[in-house]
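Take a look at the structure below.
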Amino acid sequence: MAHSQVRVRFAPSPTGGLHLGGVRTVLFNYLFARQHGGTFILRIEDTDQTRYVPGAEAYIIQCLEWCGLLPDEGPHVGGPFGPYRQSERKNIYRRYALQLVEQGHAYYAFDTPEELEQRRSQQPNFQYDVHTRGQMRNSLTLPAKQVQELLQQGHPYVIRMKMPENTMLRMHDLIRGEVEFHSEQVDDKVLLKADGMPTYHLAVVVDDYLMQISHVFRGEEWLPSTPVHLLLWEYLFGKAHMPQWAHLPLILRPDGHGKLSKRDGDKLGFPVYAMDWTDPFTGETTHGFREMGFLPEAFVNMLALLGWNDGSGQEIFTLDELIARFSIERIHKAGARFDFEKAKWFNHEWIKRLPASHFATEVKKIFDRHHISIDDEKSFVQILELVKERCHLLTDFVTQAGFFFQPPTSYDRATIEKKWTPQMKACFEQWLAGFDDIKTWEAAAIEHSLQATAETQGLKKNDMLLPLRIMLVGGKFGPPVFQIAELLGKMQTRQRIERALQHL
Ligand code: GLU
């Protein structure tokens, strides 16, 4: 291997919300780096100023923070290979573009946007490539003197890659094995734009070289760009320095048809972004996994299994286990279907596994949003612990536990109507009158006391359970009813029953 140190990077363009596929790329980079004692780098690829979105970089870093996948070097922490934003490296790239022109692997193209537009309207599938470049206005077709003049006059130009004729380009991908591309299928990509900024293709190769990147894990959608990158490596730095490539399988829609997009998520009612993203231009918010009530542990675990497994059938992994077990050999080639129900299953498993104290702060924030106030933190955690088995999302705690903090505002009468009798009402009244005799306010004692009262009235305790639940929480949900009463405390239980008796 050309590199003795493992150095990997996540190189997002800050253009909006962070797609779960992006987080999976982060995760695989991170796992590989940690497993090999290497370095994980964040590089912001913001050379396309027309696509720049304010706030997107800070948002990406927040997402990584939430997931616990923080890079070792990057714009947020610096590092020996900075700056880590390509817009701040603008002056670096030009000389490489010029070097390519000198070597004969790139050329100046003077075609104006109008000329290109006209050409496209004449030939709808027009590509600036091996076949057409001879008909265009560039340093391959114009006399050398005229090229010099145009450059001296400051005529706008771009620098384009000169794709070789009729050549097979080959590379080894760590996931896909040998991959071949025919040079003539690829267009002559712009490397340096008229505004002097590099395009992605030039910048990514130059920076991977300068930042000594050893392995590139990126989505399969970048595979078609790879022939351009291979050539740039060969021409500029020599293939010996090239990183090893690993193109990760696509994340597919639940039906397996096509790549999962944000639009699919909107349509099918599940998040695609890691966290809520508000578009600064339109003000529109797209919901993310975090705000939908996912635990980062579950989100990361679920992502790891989108395209990878350890072969043992195990599905629940901590981050440390993932670091230990991750292997490139076990990444699939085929696209991985996203299944929201399965994602919720992971979350449920993690909610059950983690102590409620671990996520209480997050749930409290959700309660705040629902205007449910918590005054006793300790009993709050106890209550979350009691109901967590019933929750798939952290937001489910609102229904499963919110009633502990807010008396019911309505009662599901229909559920008990048929069995509700004046005698039953009298029985509850009698029970309340004897409440003070219940010495220890614990589920078993409360149950025992209700049973005793019911017997004196010739009623069955079991018939009283559903009405009691409706009185305490309003509906047919929640954990065992005497546990609810215990946690509510004697006074609150009494108040709720008294209030309900006025309504039922
Ligand atoms: N800037 C590219 C992106 O937005 C990076 C692709 C790569 O990793 O080479 O995903």
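Both counts, for ligands and for their atoms, begin at 1 and track the order of listing. Being a predicted model, the structure only gives us computed values, none of them experimental. Any value given below was found using the heavy atoms of this structure, including those in side chains, with hydrogens, waters and symmetry copies removed.
With ligand atoms numbered from 1 in the order given, ligand 1 contributes 7 (C), 8 (O), 9 (O) to contacts under 4.0 Å with heavy atoms of R218. Atoms of ligand 1 lying under 4.0 Å from at least one heavy atom of S13, given by number and element, are 1 (N), 4 (O). Interface atoms of ligand 1 facing E45, defined by a heavy-atom separation under 4.0 Å, are 1 (N), 2 (C), 5 (C). When each atom of ligand 1 is checked for a heavy atom of V204 under 4.0 Å away, the hits are 9 (O).
Under the 3.5 Å distance criterion, the side-chain polar atoms of R89 are matched with a main-chain donor or acceptor of P83. Judged by distance alone, with hydrogens and angles left aside, the side-chain atoms of S87 form no donor-acceptor pair with the main-chain N or O of T47 at under 3.5 Å.
For an aromatic pair to be called close, the ring centres must be under 6.0 Å apart, and Y200 with H229 satisfies this. The ring of W308 has its center closer than 6.0 angstrom to the ring center of F317. Between F10 and F217, the ring centre distance reaches or exceeds 6.0 Å.
Between A11 and ligand 1, at least one N/O pair is under 3.5 Å apart.
Ligand 1 lies within reach of R9, whose nearest heavy atom is under 4.0 Å from it.
In Y200, the part holding a heavy atom less than 4.0 Å from any atom of ligand 1 is the side chain.
Residues that satisfy the salt bridge (charged side-chain N to carboxylate O under 4.0 Å, His left out) test with K189, not counting sequence neighbours, are D187.
For the residues W222, F217, W245, the heavy atom positioned nearest atom 10 (O) of ligand 1 is part of W222.
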